2 protein chains.
Amino acid sequence: MKSAAKAAQAEDSAETGAQQIRDAIREAIVERRLSPGTKLSESDVGNLFNVSRTLARAALQALSYEGLVSVEKNRGAFVAYPSPDEARQIFAARRLVEPGILREAAARITPGDIAQLRQLLLEEGRLMSERGQTARRAEIKASGDFHLMLAEISGNAIMQRFMEELVARSSLVIALYGQSTASSCGHSEHGDIIAAIENDELDRACQLMLHHIAHIEADLDLRERKSLGLKEAFEL
Amino acid sequence: MKSAAKAAQAEDSAETGAQQIRDAIREAIVERRLSPGTKLSESDVGNLFNVSRTLARAALQALSYEGLVSVEKNRGAFVAYPSPDEARQIFAARRLVEPGILREAAARITPGDIAQLRQLLLEEGRLMSERGQTARRAEIKASGDFHLMLAEISGNAIMQRFMEELVARSSLVIALYGQSTASSCGHSEHGDIIAAIENDELDRACQLMLHHIAHIEADLDLRERKSLGLKEAFEL
DNA sequence: GGCAGCTAAATTGTATACGATTTTTTGCGT
DNA sequence: ACGCAAAAAATCGTATACAATTTAGCTGCC
């Protein structure tokens, strides 16, 4: 079993080629193989995937709707470079919606769901102890998948899609402003949340979730880095 | 002053022609000049706006991402026809996020904002008493603008965009499943919410908001209409 | 040496063209 | 008449082509 919680397209198939490209680029962004600010020219993307610029462009447009790339008129597309203010808004949004999602998920959670969550947690822990870039990237994804799975359990496809966007953008923010070496320190917190759900301590679970998000945010250094790339960079 | 709460593109200009088409079609959908299920072929859209299919397609793709149109592979784009279940999810999402938005908005609201909200309310009331399709459509939009303006006041652009999507899709749902003749009965409820905010009765304001959403939802008749278009339609 | 202005290269914006898939129409047989 | 099969029309998926804009490089002048 590969990447779990992806849901994929149960439909007849991969609707159009652009979707695949979009997904591939998104994955690369979320796993931080593409750094914020990297230029994604339509021709390059097209060549890379052996498709025409038309499809490349469509994929980039789609990613722009999700806030993962920003397209500037007549200048091109770049991996999004969230400002500190954007970063704050992203986490404010998560604090706003995740407790609600948690409540809805708890209301309809099944033993099978809990088992799956635990499995995810185990995987996450295993990756944490492993070495290497590959493991690190997988860990980043697994950490987000926990939140995504809760959204999936909640049964609300709209909130699920919204959470996918928020988690992806969070990854960008952490890549930019994160300080701690550990990609997502709060591994144990995930476990605590599951435990609280199992014990029907709903309010406590929400509290834990809020703390968890706060912890992630506390690890950020949200200060305007004005690139300082000219004189200042050599003045020290 | 025209449609208020639109924010528009403060940037240098209308980024690309596709955006304009997208906005025009979205407005038509939200104002219910386009009914759910209406086919939007790329050629027709292109001809209508005197642009190539390329731009028409881009606009439709964008609308598809917002959930306002659904594109079916090799079949075309249609104005979205939300299922009863989708409708429930849309309103569940609103119940989930709107109280939170309200809280954030209340925390940073200014007297000027309140004045604007009141103005919006006045306009809404004026339209309610007016006759004619045009007034009806303007009323629909004004009713949504109240919720949108709260999101704008909250200062969170992400939540604002999300609310824009939810409000637009709500309009589709109401068009499909709404029963009452009044487009949005709860006009007075908007006023009550503002009053509660002014009096710093935050919890009450949230309660009112939840009731307001519940009222809108209560006006829906969410039952699978299976088109019953052949025999059944004449058998009664 | 440095800067203004112009020219050329690269990149995006939009249109058109062609192949693939679906839908409709036509026509035949029963 | 009815149903079914094959052809025709319409529509979407993708590629290519051309125009417009930006960026980089260069020349010449100060």
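No hydrogens, no waters, no symmetry mates; every other heavy atom, side chains included, goes into these values. Sequence lines set the chain letters: A, B, ... in the order given, protein chains first and strands last, and positions in each chain run from 1. What you see is a predicted model, and the numbers here were worked out from it, not measured in a lab.
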Please list, pair by pair, any protein nitrogen or oxygen found under 3.5 Å from a nitrogen or oxygen in nucleotides 6-12 of chain C.
unit_1 : atom_1 : unit_2  : atom_2 : d
C:dT12 : OP2    : A:Glu42 : N      : 3.4
C:dT12 : O3'    : A:Asn74 : N      : 3.4

Inter- and intrachain pairs under ring pair (Phe, Tyr, Trp, His ring centres under 6.0 Å), touching residues 131-168 of chain A, at least two apart: A:Phe146-A:His190, A:His147-A:His190, A:His147-A:His212, A:Phe162-B:Phe162
Under the ring pair (Phe, Tyr, Trp, His ring centres under 6.0 Å) test, residues paired with B:Tyr65 that sit two or more places apart: A:Tyr65
Side chain to side chain donor-acceptor pair (under 3.5 Å) against A:Ser70, all qualifying residues, sequence neighbours excluded: none
Residues in side chain to side chain donor-acceptor pair (under 3.5 Å) contact with B:Asp44, at least two apart in sequence or another chain: B:Ser41
Contacts of A:Ser170 that satisfy side chain to side chain donor-acceptor pair (under 3.5 Å) - sequence neighbours left out: A:Arg94
Partners meeting side chain to side chain donor-acceptor pair (under 3.5 Å) with A:Gln89 (sequence neighbours left out): A:Asp85
N-O pairing of A:Arg161 and B:Glu165 below 4.0 Å: yes
Separation of atom CD in A:Gln20 from atom P in D:dG13, rounded to whole Å: 14 Å
Helix axis bend for the helix from C:dG1-D:dC30 to C:dT30-D:dA1 - C1'-based end axes, five pairs, 10° rounding: 0°
Salt bridge (charged side-chain N to carboxylate O under 4.0 Å, His left out) against A:Arg126, all qualifying residues, sequence neighbours excluded: A:Glu123, A:Glu130
